[in-house]
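Atoms within a ligand are numbered from 1 in the order they appear, just like the ligands themselves. Computed from a prediction, not measured in an experiment: that's the story for all the values here.
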Amino acid sequence: MSDLFAGEGTCVRLDDGVAYLPAHALPDDDALLEALQGILSAAPLRHMVTPGGLAMSVAMTNCGEAGWVSDRQGYRYAREDPVTGRAWPAMPALFRALAATAAAAAGFAEYSPDVCLVNQYVPGTRLSLHQDRDERDFAHPIVSVSLGLPATFLLGGLQRRDPARRLPLGHGDVLVWGGPARLRFHGVLALKDGLHPQLGARRINLTFRRAL
Ligand code: MD3
Ligand code: FE
């Protein structure tokens with residue numbers, strides 16, 4: 001599943017359970033961003049509050065059958081958006097297809113995510129080291145799609161104290177995290193200043209999950 005050169009169409013196995021598909025989302029970026037606009041108008045980005053009472057620096061929303069939410073009560077998947085009181089917007093067919101082709105390239109056939117968490121970073125925004133463990137079944141991989149400004153991703157180990165590896169991620173890059181990588185600690189370094197031609201001064205990350 002690796003190739004001789006990095007570029008569109010490549011799938012590089014970076015580590016056990018980590019597949020990197022550089023520019024995999026690039027051919028669809030305009031259509032993805034248009035679909036994203038619809039999601040953001042139905043379910044606006046918001047800074048969720050952690051159980052400890054602090055507002056997260058990443059602004060978030062969701063589409064799909066449920067959405068990841070955080071408040072004073074804790075982290076969970078909820079079928080309704082607590083801001084609008086309505087169901088989250090449906091996952092666009094293009095999102096679903098992109099996640100499925102990426103997962104298939106990484107060896108996960110028939111991936112059908114039910115949640116897409118949308119994260120927005122502006123310069124200075126960071127995401128501290130954490131594990132994703134609010135999903136019901138860790139056998140399903142997570143697929144992440146980076147759009148907009150570049151970022152440095154931190155990939156740690158299964159213990160918080162394990163050393164973290166830095167991965168640069170650019171517009172259109174896709175990663176598939178499954179199997180032995182599914183519970184690795186990870187985070188994102190503070191976003192640097194910049195202007196992306198399509199997204200301006202921000203980075204949007206889509207993470208697809210099978211959560212329910
Ligand atoms: C590695 N988001 O939403 S996506 C998150 O760029 C989150 O917005 C980051 O971490 C972002 O929870 C990183 C990549 C990602 C997602 C899940 C993982 C990497 C992962 C699960 C295990 C290992
Ligand atoms: Fe995460």
Min side-chain heavy-atom separation Arg79-Leu212 under 4.5 Å: yes
Cluster companions of Leu189 among Ile, Leu, Val, Met, Phe, Trp, Tyr (side-chain spacing under 4.5 Å): Leu129, Leu154, Phe185
Tell me, which N, O or S atom in Asp132 is closest to the Fe ion (ligand 2)? OD1
Table of N or O contacts for ligand 1, cutoff 3.5 Å:
from, atom 1, to, atom 2, distance (Å)
ligand 1, 2 (N), Asn119, ND2, 3.4
ligand 1, 3 (O), Asn119, ND2, 2.9
ligand 1, 3 (O), Arg209, NH2, 3.2
ligand 1, 6 (O), Arg203, NH1, 2.9
ligand 1, 6 (O), Arg203, NH2, 3.1
ligand 1, 6 (O), Asn205, OD1, 3.4
ligand 1, 8 (O), Asn119, ND2, 2.9
ligand 1, 8 (O), Tyr121, OH, 2.5
ligand 1, 8 (O), Asn205, ND2, 3.4
ligand 1, 10 (O), His130, NE2, 3.2
ligand 1, 10 (O), His186, NE2, 2.9
ligand 1, 12 (O), His130, NE2, 3.1
ligand 1, 12 (O), Asp132, OD1, 3.2
ligand 1, 12 (O), Asp132, OD2, 3.1
ligand 1, 12 (O), Arg209, NH2, 3.0

Could you pull out all residues at least two apart from Phe138 that satisfy ring-ring contact (aromatic ring centres under 6.0 Å, His included)? none
When rounded to the nearest 0.5 Å, the distance separating CZ of Arg202 from CG of Leu45 is 7.5 Å
Would you check, one step at a time, whether the test side-chain hydrogen bond (donor to acceptor under 3.5 Å, both in side chains) holds for Asp134 with Tyr77? CA-CA 7 Å; Asp134 301 318; Tyr77 285 93; 5.8 Å; no
Quick one: ring-ring contact (aromatic ring centres under 6.0 Å, His included) partners of His171, sequence neighbours excluded? His196
What are the two closest heavy atoms between Leu149 and Ala201, and how far apart are they? CD1-C, 3.8 Å
The Fe ion (ligand 2) to His186: nearest N/O/S atom name: NE2
